[in-house]
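Heads up: the structure comes next, in structure tokens.
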Amino acid sequence: ARGDSSAVAHCPAAGTTCITGNGAAFASLKDAGKVVTWGSAGHGGDSSALAHRLIAGVASITASGMAFAALKESGEVVTW
């Protein structure tokens, strides 16, 4: 369901440096550069297909109407 964070309840809030969202999903950036997402898969709430690219080294995240983008420390941009 939209905005339901039960899927990430096991992820502690400590170390969260940024949270951004769109109409139906959220993305959280942790201090180690890891991204955690939840909400509607159709709006970017499921980043599991890219998890290997979002596990570390992310410098910032941003949301749009139905997607997210992560800027990595290397300059790479990852979208979902």
Side-chain angles (χ1 to χ4, degrees):
R2 290 193 243 181
D4 179 5
S5 63
S6 62
V8 294
H10 64 282
C11 298
T16 298
T17 61
C18 174
I19 296 176
T20 188
N22 57 32
F26 296 91
S28 170
L29 178 60
K30 308 295 276 181
D31 58 7
K34 177 181 178 179
V35 175
V36 177
T37 60
W38 67 96
S40 170
H43 285 78
D46 179 4
S47 61
S48 59
L50 299 168
H52 64 285
R53 295 172 66 193
L54 300 172
I55 197 78
V58 175
S60 65
I61 53 176
T62 191
S64 68
M66 295 181 67
F68 291 90
L71 175 62
K72 298 196 71 171
E73 294 167 352
S74 65
E76 175 188 11
V77 175
V78 181
T79 61
W80 69 98

Give the minimum heavy-atom separation between [X] and [Y], together with the two atoms involved.
X	Y	result
Ala41	Asp46	CB-CB, 3.8 Å
Gly21	Phe26	CA-CD2, 4.0 Å
Ser40	Ala25	O-CB, 3.9 Å
Lys72	Val78	CD-CG2, 4.0 Å

From Thr16 atom OG1 to Lys34 atom NZ, the distance as rounded to the nearest 0.5 Å
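Thr16 atom OG1 to Lys34 atom NZ measures 10.5 Å (nearest 0.5 Å).
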
Listed pairs under 3.5 Å, donor-acceptor, residues 53-69 side chains, sequence neighbours left out:
{"unit_1": "Arg53", "atom_1": "NE", "unit_2": "Glu76", "atom_2": "OE2", "d": "3.2"}
{"unit_1": "Arg53", "atom_1": "NH2", "unit_2": "Glu76", "atom_2": "OE2", "d": "2.5"}
{"unit_1": "Ser64", "atom_1": "OG", "unit_2": "Ala67", "atom_2": "N", "d": "3.4"}
{"unit_1": "Ser64", "atom_1": "OG", "unit_2": "Ala67", "atom_2": "O", "d": "3.4"}

Are Leu29 and Leu50 in one and the same hydrophobic cluster, where Ile, Leu, Val, Met, Phe, Trp and Tyr link if side-chain heavy atoms are under 4.5 Å apart?
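Linked within one cluster.
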
